[in-house]
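In this chain, residues are counted from 1 in sequence order.
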Amino acid sequence: MAGTPATPLQRALLADHDLSSEPGHQSEQLAFDWYGPLEPAVFTAAWQAVFAAEAVLRSCFDDGPNPRILVLATVEPDITVRQVPDDARPGSRRPARGVDPRRPGPLRITVLRHRTGARILLTFHRALLDARGVRLLLRSFARAYRAGGRLPGGERRPDLRDYADWLTTRHPDEGLLDAPRVFAGAGGAGHHRLRLTTAGTRALRTTAGRWGCTESTLVQAVWALLLHHDTGTDQPVPVRFAAAVPGRTVALDGTGGLPGALRTVLPVTVLVDPRETLVALTAALRDTAVDHFVRTGTPPGRALDDTLVSFENPLREHTATARELAAAGVRVTLPESLGADTTHPVTLRAHHDEAGRLVLTLSHRCALDGAATVLARAELLLRALSGTRPPVTVAEALALLPAPAGVGVLRPLRPEPAPRAAPVLLRPASRPEPLPRPGPAGGHPLPPDVSAVPTVALLAAPGVDRSYYTRLARAYRGPERLVLLPARHRLPEGDLRALGALCGQAGAACRLAHRAEGPPPSVVVAAPATGATDFAAALAAAAADTRAAASH
């Protein structure tokens, strides 16, 4: 199975998933309520029909160093049905059981049945599906459920493979993205939400129309004001953040209704000048949004380093879904996110609920000091902008905010200098442990000699993300420690039993092996597409052979 190369954003999300030990990392949940009869056989058949029609639901990523999208011919939906009390409502921010992007089926359906209906959870991995893609799938499911479990038509084309190929042709591979930089107070995570009133949302929409922009532009303007405010200066300062782009307006026929991980992010840089008017600030942001509409297929580049502002409109797909299910005697509520991991240090999401109110959700992957006050300040500015006498200049809007105490909440720390290339310990040695050396008579034993530590070394290949080697270390079953060597580095100290490399590094591996002290280590050279699990097994076998030969 050849597969299709993953997009740059998919590779970044996969790397972030691989480097985390949390089971629900990069998984998101949408939840909605189902009122009325639920026929289990029809429910299952409808999802089976959707899985048969949508390649993304039968897809996964391979285990190799350069991820590829694989699509299987058939995949059974993962549907779990449980009976719960009538008032049960899941409130956890992160799914207890994550979705593995390297196993087929990036969507899991959980049905929590109660007396009047059910609470339905849709859990998905963000490297293959985004929230709008899941709502599009739910619309197809509703059509199939109304038809008794059948979905007319064949497999959808174009599909996610066509989109990835189109993106690669338009934007050649730019390599893996850097990890997000560290923000002030890094070391935790959180999730906060607030809702504007219906009247407040209506007034905000009126202000946007009067200023010739949209509500999403006003939300971006508020975020730019907060970023400027937290710099602690009253001078003109350019601020930068990332804006979410749907990714479904590209020049590829059929992407408007294509489910998948098409959403991307692009950087926004705007000068926040206290002397300028707010109308001028929103005009600059509006023009950037138009430019993003044209560049929607552009890879995200370093925009993953920035804070993110996302504005979604889930009501369009929900209206079609609700209409289909209403014809089957079922009423469903608007699917809302229970929270998602964010690749960005801080993410502000905005959407409208079924009552038309604007909902703001703040997620952060660092211990953001004063995170709860960020939403409070955003709400203060939005109320001011939609008031009867809104501020005119940027300075007037900034004057409404309380003075920042010390370093601003949203102000990033200066990046530390990159450390010199050094070996990375991927996995410590396990049994048998090296024994302590005998100490002086009557004294404590000395620590074990480092030369006695059994080691397997890996040569880092150019363009291969660290996450590949992390997966390999998790799959390794030998007793040796695993060490990752940067390019042009000497061999690590210790009992070297095997040296592994991808085929492009074969010559360097052999030269290093010849310079090893003691018994020569086995050299394992893997093909470019070798999976981490297979590579780990080959290394363990080679190390065992070296260990056996040295014992004779």
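Within the 4.5 Å cutoff, no side-chain heavy atoms of V56 are placed close to those of R156. You'll find the side chain of N66 stays beyond 4.5 Å of the side chain of P5, heavy atoms only. With a 4.5 Å cut-off on side-chain heavy atoms, L30 and F124 count as touching. Between C213 and Q220, every side-chain heavy-atom pair lies at or beyond the 4.5 Å cut-off. Here the side chains of T288 and L266 are not in contact, with every heavy-atom distance at 4.5 Å or above. For the pair V346 and F241, the minimum side-chain heavy-atom distance is 4.5 Å or more. Looking at heavy atoms from C-beta onward, L360 lies in side-chain contact with L382 at the 4.5 angstrom threshold. Looking only at side-chain heavy atoms (C-beta outward), L160 and S59 come within less than 4.5 Å of each other.
With values rounded to the nearest 0.5 angstrom, L70 atom CG is found 5.0 Å from D62 atom CG. If you take OG1 on T201 and CZ on R195, they are separated by 10.5 Å, rounding to the nearest 0.5 Å. Note that OG1 of T80 and CD1 of I109 are 8.5 Å apart. Values are rounded to the nearest 0.5 Å. Separating the CG atom in D287 from the OG1 atom in T217 is a distance of 9.5 Å, to the nearest 0.5 Å. Here R357 contributes atom CZ and H351 contributes atom NE2; the two are 9.5 Å apart, rounded to the nearest 0.5 Å. Distance check, rounded to the nearest 0.5 Å: OG1 of T214 to CZ of F311 gives 7.0 Å.
A donor-acceptor pair is defined here as one N or O able to donate and one able to accept, closer than 3.5 Å; such a pair exists between the side chain of D159 and the backbone of D162. Proximity of a side-chain donor or acceptor of E354 to a complementary backbone N or O of L334 within less than 3.5 Å is detected. Here the side chain of R474 pairs a donor or acceptor atom with the backbone of D18 at under 3.5 angstrom. With hydrogens and angles ignored, the 3.5 Å screen pairs a side-chain donor or acceptor of Q10 with a backbone N or O of A127. Side-chain N or O atoms of R58 include one that pairs as donor or acceptor with a backbone N or O of F51 at under 3.5 Å. Between the side chain of S20 and the backbone N or O of D16, no donor-acceptor pair lies under 3.5 Å. A distance-only check finds no donor-acceptor pair linking the side chain of R135 to the backbone of H318 [under 3.5 Å]. Here the side chain of D63 pairs a donor or acceptor atom with the backbone of T533 at under 3.5 angstrom. The backbone N or O of D33 lies less than 3.5 Å from a partner atom in the side chain of T333, making a donor-acceptor pair. Not one N or O on the side chain of D78 forms a donor-acceptor pair closer than 3.5 Å with the backbone of R108.
Salt-bridge formation is not detected for the pair R132/E312: no Lys NZ or Arg NE/NH1/NH2 atom is positioned less than 4.0 Å from an Asp or Glu carboxylate oxygen. Using a 4.0 Å cut-off between a side-chain N of Lys or Arg and a carboxylate O of Asp or Glu, E324 and R143 do not qualify as a salt bridge. Between R349 and E28 there is no salt bridge, since no side-chain nitrogen of the basic residue lies less than 4.0 Å from a carboxylate oxygen of the acidic one.
Across all their heavy atoms, L262 and D130 have their closest contact at N-OD2, 3.3 Å. Nearest heavy-atom pair, P37 versus V330, reported as atom, atom and distance to 0.1 Å: O-CG2, 3.5 Å. In this structure, L151 and V50 approach most closely via the heavy-atom pair CD2-CA, 4.2 Å. The two atoms that bring A15 and D465 nearest to each other are CB-OD2, 3.3 Å, heavy atoms only. Across all their heavy atoms, A53 and G154 have their closest contact at CB-O, 3.9 Å. In terms of heavy-atom proximity, I69 sits nearest to A164 at CD1-CB, 4.3 Å.
Around atom CZ of R157, more than 12 heavy atoms belonging to other residues, nucleotides or ligands sit under 6.0 Å away.
Residues passing the side chain to side chain donor-acceptor pair (under 3.5 Å) test with R139, sequence neighbours excluded: none. Contacts of R427 classified as salt bridge (Lys or Arg N to Asp or Glu O under 4.0 Å), with partners at least two apart in sequence or in another chain: none.
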Inset, instruction - Could you check V75 against L57 for side-chain contact (heavy atoms from CB on, under 4.5 Å), going step by step and ending with a plain yes or no? - result: CA-CA 8 Å; V75 170; L57 292 179; over 6 Å; no
Inset, instruction - Evaluate side-chain contact (heavy atoms from CB on, under 4.5 Å) for T206 paired with S386, printing each intermediate quantity in order. - result: CA-CA 8 Å; T206 300; S386 59; over 6 Å; no
Inset, instruction - Would you check, one step at a time, whether the test side-chain contact (heavy atoms from CB on, under 4.5 Å) holds for E317 with L138? - result: CA-CA 8 Å; E317 292 85 13; L138 191 56; over 6 Å; no
Inset, instruction - Give the C-alpha distance, both sets of side-chain angles, the deciding distance and a yes or no for side-chain contact (heavy atoms from CB on, under 4.5 Å) between L348 and L375. - result: CA-CA 9 Å; L348 179 69; L375 276 184; 3.8 Å; yes
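Annotation: ring pair (Phe, Tyr, Trp, His ring centres under 6.0 Å) contacts involving residues 128-154, sequence neighbours excluded, comprise W34-Y145, F43-F141, W47-F141, F141-Y145.
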